[in-house]
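For reference, the structure is listed below as structure tokens.
These figures come from a predicted structure and were not determined experimentally.
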Amino acid sequence: MKVLMTGNEAIARGAWEAGVVVCTAYPGTPSTEIIENAATYKEMDSEWSPNEKVALEVGLGAAVAGGRTLVAMKHVGVNVAADPLFTLSYTGVNAGLVLISADDPGMHSSQDEQDNRHYGRAAKIPVLEPSDSQECLDYVKLALTLSEEYDTPVMLRMTTRVSHSQSLVSPGNRQEISLRDYSKNPSKYIMLPGHARLRHPIVEERLKKLAAYAETSPLNRTEEPERSEDQERLEGTRRVGVITNGITYQYAREVLDENVSLLKLGMTYPLPRQLISDFIQSVDECYIIEELDSFIEDQIRAWGFSVYGKELFPTVGELLPETIASCVPSLLKPSLRRDFTAASRGPDSESANTEDRAPVQHVGRPPVLCPGCPHRAVFYVLNRLKLTVSGDIGCYTLGALPPLNAMDTTICMGASIGVALGMEKARGRDFARNLVAVIGDSTFVHSGITALIDVVYNKGTTTTLILDNSTTGMTGHQENPATGVTVRGEVTTRIDLPMLVRAVGVNRVVEVDPFDLDRFTDVLKREMAAEEPSVIIVKRPCVLVRPAPARSQVSAQPPVSVNSALCTGCAQCLRLGCPCLVKDEPEPGAKIRKVSVDASQCIGCGLCVSLCRPQAIVRKEG
């Protein structure tokens, strides 16, 4: 029986079928659903870790102890986990360990689009790249086998399209695998310099064996077109080859002529030199189609082969079918070639049907904070006070956009506090009086705690706002240590943020509801004026969170409405950037554009009510 699965669902299923016992992760699009699905299999102990470094360290411990392990994160999460990853390459594993790196070409939900194949090469570990959901399931199982056979972690590189696209999968049964024996082995697992020097040659020898495996691995295969004898006899027939990997393999199959030979690389590090060499020599010209960096191309050129690559295909964004088509129109299927040629001529072409090519009107909508979002009140006040704001990764990043315009920097998870301290050190205390760091509750646990310790230890006076909305919001409302609920919905110990902050040495700690604008503003001004570090915990749950025992529930109120007779058109409420507030066209003969409320979206949070000086915005009776 075949079923539709996303790539992320298939990875979780593959881990379960392969006998994995421990799954760890930190949520990050496009990888998040892997652990959410893994948690549905009771045989696997699945957890949200505080950050990616901890996730990999827990995974390492499980693998060394003898249990097959899956660790998942998005591409920038591997940056956080890089410290243990590089040493893990030296120690090797006991039971299999697979690291999922979910890359994000096109930056659908990321601050960069780094190509994590480079991590595989730098850490000297194998990299596998599935191109559909069935391969996701199969590659996880094979990766665990390779991990154990070659005593190495294995990186499975996903991309957004593979993670989130559905395709048919043939699911199997779980393979019950006993825990491997564990024995104390200091020379293998204690990386003192003396031990590490002995392990490095083992890593290099392992890499040679993996390169030999890649030559005959079923992961790498050629797909030759069926050629008739007449075609073979045709003089001047050009034999074209394409080397590709991952989702671009699917796109290449979709748009390229059937006479193009394909070499699909499912294992992109180490590369199979002889297999690639034989393929290139079998064709008259060869193209390398890969997303982001010229990873495969650079290695092939270093071997002395002449190929076409990034001089034709872009190094930024996704290589979608239409992108490939525009780069190599001569290689397209005949039907697509005609369509592409007609389209490229424009609507005045004789072959173009102008009725069929009527332009489609797309209405753009900028990303906005949800109606009722507690972050909106925070950034409204920060903007009104004209503060310098060091921001962080999360829903609150949207506070940087108009009309709130209340953020100066956003770098990476947990950076806001350290960046604010650096600004204070460079520009002095006077500058810091109008400077705050903003960070979410999940992000603070992820990597903000150590930066706050730095503020205290190095005598900074930074004011930090922890926006505690009781969830990990931007990645889809996952639990975290500050919510007191596990990935399986089980109640657990919840971090006491005020107590934690005091424990690292911050004496000034205040909790405040952001919708109490007057108190929040007063608290903010007072704490910024203090000559010591302070933390304001801005506490109000996300309006979209699921009910949970460890947190308060948000109940929607009736939508607000506008008394048009009282509205002066001052537009003060529109500075909130709430999508429920709409500026109407002026009535006939009037010059004032008044405001109305989209009741289909409004949840009745009342923030605009508190801002409206003419008291034109009022709550409806329930």
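To the nearest 0.5 Å, atoms CD (E318) and OG1 (T248) are separated by 11.0 Å. Here the CD-CG distance, from E135 to L142, works out to 11.0 Å after rounding to the nearest 0.5 Å. Of the inter-residue distances, the one linking C578 atom SG with I603 atom CD1 reads 8.5 Å to the nearest 0.5 angstrom. If you take OH on Y269 and CE on M155, they are separated by 12.0 Å, rounding to the nearest 0.5 Å. Atom-to-atom distance recorded for L128:CG and L219:CG is 5.5 Å, nearest 0.5 angstrom. For the atom pair OG1 of T160 and CD of E113, the computed distance is 10.0 Å after rounding to the nearest 0.5 Å.
None of V80, I100, L99 except one satisfies the side-chain contact (heavy atoms from CB on, under 4.5 Å) rule with M73; the exception is L99. Applying the side-chain hydrogen bond (donor to acceptor under 3.5 Å, both in side chains) test between K74 and each of S110, S163, S31 identifies S110 as the sole match.
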Verify side-chain hydrogen bond (donor to acceptor under 3.5 Å, both in side chains) between E47 and T24, making sure each step is shown before the conclusion.
CA-CA 5 Å; E47 72 163 52; T24 66; 5.5 Å; no
Would you sort out whether Y251 and V255 count as a side-chain contact (heavy atoms from CB on, under 4.5 Å), showing the intermediate values?
CA-CA 6 Å; Y251 298 157; V255 302; 5.7 Å; no
Decide yes or no on side-chain hydrogen bond (donor to acceptor under 3.5 Å, both in side chains) for S46 and Y41, but give the supporting numbers first.
CA-CA 9 Å; S46 301; Y41 298 100; over 6 Å; no
Given side-chain hydrogen bond (donor to acceptor under 3.5 Å, both in side chains), test N469 with T471 step by step and report yes or no.
CA-CA 6 Å; N469 64 349; T471 191; 5.9 Å; no
Evaluate V389 against V436 for side-chain contact (heavy atoms from CB on, under 4.5 Å), listing each step before the verdict.
CA-CA 5 Å; V389 180; V436 296; 4.0 Å; yes
Where do N79 and Y119 land on the side-chain hydrogen bond (donor to acceptor under 3.5 Å, both in side chains) test, with the steps shown first?
CA-CA 9 Å; N79 301 337; Y119 267 117; 2.7 Å; yes
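Between the side chain of D103 and the main chain of T159, no donor-acceptor pair closer than 3.5 Å is present. Under a 3.5 Å cut-off, the side chain of D598 and the backbone N or O of V582 do not form any donor-acceptor pair. A donor-acceptor pair is defined here as one N or O able to donate and one able to accept, closer than 3.5 Å; such a pair exists between the side chain of D284 and the backbone of R239. S470 contributes no side-chain N or O that, together with a main-chain N or O of P541, makes up a donor-acceptor pair within less than 3.5 Å.
The list of side chain to side chain donor-acceptor pair (under 3.5 Å) pairs with a residue in residues 305-315, not counting sequence neighbours, reads R301-E311.
K264 has no carboxylate O lying under 4.0 Å from a charged side-chain N of E223, or vice versa, which leaves the two without a salt bridge.
Side-chain contact between L60 and L56: absent, with no pair of heavy atoms (C-beta onward) separated by less than 4.5 Å.
Not counting sequence neighbours, the partners of D115 by the salt bridge (charged side-chain N to carboxylate O under 4.0 Å, His left out) test are R117, R157.
Within a 6.0 Å sphere centred on CZ of R253, other residues, nucleotides and ligands contribute 12 heavy atoms or fewer.
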Can you give each donor-acceptor pair under 3.5 Å made by side-chain atoms of residues 391-399, sequence neighbours left out, with the distance rounded to 0.1 Å?
{"residue": "D392", "atom": "OD1", "partner": "G414", "partner atom": "N", "Å": "2.7"}
{"residue": "D392", "atom": "OD2", "partner": "G414", "partner atom": "N", "Å": "3.4"}
{"residue": "D392", "atom": "OD2", "partner": "A415", "partner atom": "N", "Å": "3.3"}
{"residue": "D392", "atom": "OD2", "partner": "S416", "partner atom": "N", "Å": "3.0"}
{"residue": "D392", "atom": "OD2", "partner": "S416", "partner atom": "OG", "Å": "2.7"}
{"residue": "Y396", "atom": "OH", "partner": "I393", "partner atom": "O", "Å": "2.7"}
{"residue": "Y396", "atom": "OH", "partner": "G440", "partner atom": "N", "Å": "2.9"}
{"residue": "Y396", "atom": "OH", "partner": "T443", "partner atom": "OG1", "Å": "3.0"}
{"residue": "T397", "atom": "OG1", "partner": "D392", "partner atom": "O", "Å": "2.8"}
{"residue": "T397", "atom": "OG1", "partner": "G394", "partner atom": "N", "Å": "3.2"}
{"residue": "T397", "atom": "OG1", "partner": "G394", "partner atom": "O", "Å": "2.9"}

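Ring geometry for F313 versus Y287: interplanar angle over 60°, hence perpendicular rather than tilted (30 to 60°).
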